[in-house]
There are 2 protein chains.
Amino acid sequence: MIRQPPLGKTLMPRGSTPPNAITILHVAAEAGVSKSTVSLVLKNSPLIPEETSQRVREAARKIGYVYNRRAAEMRLKSSNTIGVVINDLMNPFFAEVLIGIERKLVEAGYIVFMAHTNENLELQEKVLLSMREQNAAGIVLCPAFGTPNSLPKMVKAWGIPLTVIVRTLGAGSYDFAGSDNERGVYLATKHLIDAGHKRIGFLGGRAGVTLQQRIAGYRTALTESAIAFDPALVLSANPNRQGGHYTMCALLDIRPRVSAAVAYNDIVAFGALSALGERGLRAGKDFALMGFDNVLDAAHSNPPLSTVDIRPNELGEHAAAILLARIAEPNRARQTYLAAPDLVLRQSV
Amino acid sequence: MIRQPPLGKTLMPRGSTPPNAITILHVAAEAGVSKSTVSLVLKNSPLIPEETSQRVREAARKIGYVYNRRAAEMRLKSSNTIGVVINDLMNPFFAEVLIGIERKLVEAGYIVFMAHTNENLELQEKVLLSMREQNAAGIVLCPAFGTPNSLPKMVKAWGIPLTVIVRTLGAGSYDFAGSDNERGVYLATKHLIDAGHKRIGFLGGRAGVTLQQRIAGYRTALTESAIAFDPALVLSANPNRQGGHYTMCALLDIRPRVSAAVAYNDIVAFGALSALGERGLRAGKDFALMGFDNVLDAAHSNPPLSTVDIRPNELGEHAAAILLARIAEPNRARQTYLAAPDLVLRQSV
DNA sequence: CTGAAAGCGCTTACAG
DNA sequence: CTGAAAGCGCTTACAG
């Protein structure tokens, strides 16, 4: 996907702020020391006696000096920034993951470049390239649908630590944070079976490894309980609210009736809830529905959604921690975090 | 709130990537030209004949050259980055606004520093400072609750163009993108009144200008129809799903009964929908409910929510456009975008 | 403990 | 049309 080395004009620089004309040279003059001394003071070097340090800080304050981090980074060849690229911010799951990542990274002293690809591969390529040009210290990527499995290797070749999240990218050796999709859906399906349901649908989801894993969990639970897998009961659609609405409508029209379903994720389930409501049905009474993710909204949907909790926030934090560890120790072994799914039972079953 | 000039250690730089050892000097050597020529080629200068340009590009490609944007920016004293700081990403409204901002900015060739303050003033201060150190070409800020009205002036003093969004910050002269809160809620309330409702509640919202504006709209509509404003019917709570759930429960307990409500925003309305459901009530049949924002979810809630559409995405794009215009022309007149609210009627009334 | 010097990777006049 | 030189704001040996 990304072939050519990015030349200078990949992104055009614009907007020229004349930031602060005030440099350490001015501070040095004001304090009556050399600029190296100022530099040492700014990094709290023990070489500088307290008295001098005080004087320098005072001078800096007085003339309104602002540290120019980019100049420092350029000299040091270091970087304070990390890129986070997200495929679908419209889904609160990813928003919650992003929040976790960002919080952890800021806590660690980084600042994040955020880019939203909206599942667009070309855009993903563009932002990745631009993060490279910007000299990001690391990248966390939730790949857009269709991202080639060669991507992690490519980014590694760039010399930039990478953590991929949520969607795996083949069997290569890259750091990963996601959830145990198969087990999660297995648990959800099993719960429905244990509650006596025999005809259980699977709602929504777009072709890809994640969908495969989730459907595998669904099949396993079925098979284990000697319920035949019926492909007519798995309805795929884009993993969003419309998809959930649409597939639920279709599912309700199937005869013999199906009495329960597990949704690809929570927002698909929300769409399904909406479809149910339109037909005068209520989940938890007339139909049993399980979601996946446990986004914040799930606790207050109508009715509150039973779902598979993979703690989105925490997932984000783990992703950040993995990246940080990789940056600190580039040659460490491959790292993986798979959120262990927990059932959270509310009123939709 | 932000007093001291930020010194070097505000944020500690970490992670040192040894980016690309390959510079324009190497390209120059490979292509047999001087480094100035390479630089000119990279910026597509017409000074360089096509043949030379070809050769240089080929050399760059061959040896895997990567443009170092930060070095260029340092030399140019320009900046390619814009900071976006958001108070509450957990609310899909802000996520949608963010998406609009980011899309527009990336389109314009920028890359965005995103920070989530979670309504935390100290964090907001920290990230603003760090964006300053990073030399952001501009900032769009959705202020956390309690942000002092002096903030825009301060950022202006830094020499960084600022657009504040959604929540106003006093009467100062700063660029702003938001929505016409008063008129929006006025329309929503009026719609309820026209449908015959007399006792109409107001649900959720946290003290601040936005809440004041929205309640003003509510009062105006009431007064206009000669319905007495009853403070007992406005229930405030944090503007989230729990707040909506909680206030709706309280509202349902009021006697004489209230038959309709307008919510502070959509997620408050979602929480209210959930509370209604728990009591065996359905919005649109047993109760009339209006939201505010028209987030994506509103079309597929249970039941689909009637709300005030302020087009969150578009609002974000306008905010970005305003900032871009300010960067291009620092001395232009104050810019303001106020989304004109439209009623979108679905099934909750 | 402090100062002079070199250099991070670029761009931009200025000569030729 | 191309090359040598200076400089963006920092940091880091290296002398003193």
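Within every chain, numbering begins at 1; the chains are lettered A, B, ... in the order of the sequence lines, protein sequences first and strands thereafter.
B:V166 has its side chain out of reach of B:N87: every pair of non-hydrogen atoms, C-beta onward, lies at least 4.5 Å apart.
Residue A:I22 contributes atom CD1, which lies 16 Å from atom C1' of D:dC8 at whole-angstrom precision. Nucleotide C:dG3 holds its C1' atom 14 Å from the CG atom of A:L47, rounded to whole Å. The CD atom of B:E73 sits 14 Å away from the C1' atom of D:dG9 (whole-angstrom rounding). As a whole-Å value, the separation of A:L42 CG from D:dT11 C1' is 11 Å. One can place CZ of B:R70 at 16 Å from P of D:dG9, the figure rounded to the nearest angstrom. At whole-Å resolution of the value, CD1 in A:I24 and C1' in D:dT12 are 12 Å apart. Taking atom CZ of B:R69 as the reference point, atom C1' of C:dT11 lies 13 Å away to the nearest angstrom. Protein atom CG of B:N135 is 10 Å distant from nucleotide atom P of D:dC10, rounded to whole Å.
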N/O-N/O pairs, protein side and nucleotides 4-7 of chain D side, under 3.5 Å:
unit_1: D:dA4; atom_1: N6; unit_2: B:S36; atom_2: OG; d: 2.7
unit_1: D:dG7; atom_1: N2; unit_2: B:R75; atom_2: NE; d: 3.4
unit_1: D:dG7; atom_1: N2; unit_2: B:R75; atom_2: NH1; d: 3.2

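No donor-acceptor pair closer than 3.5 Å links the side chain of B:Q134 to the backbone N or O of A:R70. Without hydrogens or angle criteria, B:Y174 side chain to B:L169 main chain gives a donor-acceptor distance under 3.5 Å. Between the side chain of A:D175 and the main chain of A:R334, no donor-acceptor pair closer than 3.5 Å is present. For A:E96 (side chain) and B:M90 (main-chain N/O), no donor-acceptor pair under 3.5 Å exists by modelled atom type.
Set against C:dC1, C:dG9, D:dC10, the side chain of A:K77 has C:dG9 as its closest nucleotide. Nearest nucleotide to the side chain of B:A72, out of D:dT12, C:dG3, C:dT11: C:dT11. The A:M74 side chain lies nearest to C:dC8 when the options are C:dT11, C:dC8, D:dT11.
Not less than 6.0 angstrom separates the ring centroid of B:F176 from the ring centroid of B:Y337.
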>> Checking B:N120 against B:Q124 for the side chain to side chain contact (heavy atoms under 4.5 Å, CB included) test, could you report, in this order, the C-alpha distance in whole Å, the side-chain angles of both residues, the deciding distance, and whether it holds?
In response: CA-CA 6 Å; B:N120 179 330; B:Q124 178 171 286; over 6 Å; no
> Going through the checks in order, is the salt bridge (Lys or Arg N to Asp or Glu O under 4.0 Å) test met by B:E119 and B:R167?
Replying inline: CA-CA 12 Å; B:E119 306 288 9; B:R167 321 225 255 230; 2.6 Å; yes
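Listed pair A:T37 / C:dG3 meets the phosphate criterion, a side-chain N or O lying under 4.0 Å from OP1 or OP2. Considering only side-chain N and O atoms, A:T52 lies under 4.0 angstrom from the phosphate OP1 or OP2 of C:dT2. Contact annotation: B:S39 does not reach the phosphate of C:dT12 (side-chain N/O to OP1 or OP2, under 4.0 Å).
Secondary structure note: stems in DNA chain D built from 3 or more consecutive Watson-Crick or G-U wobble pairs under 3.5 Å occupy C:1-3 with D:14-16, C:5-12 with D:5-12, C:14-16 with D:1-3.
Electrostatic pairing of A:E51 and A:R55 counts as a salt bridge here, judged by a charged N lying under 4.0 Å from a carboxylate O.
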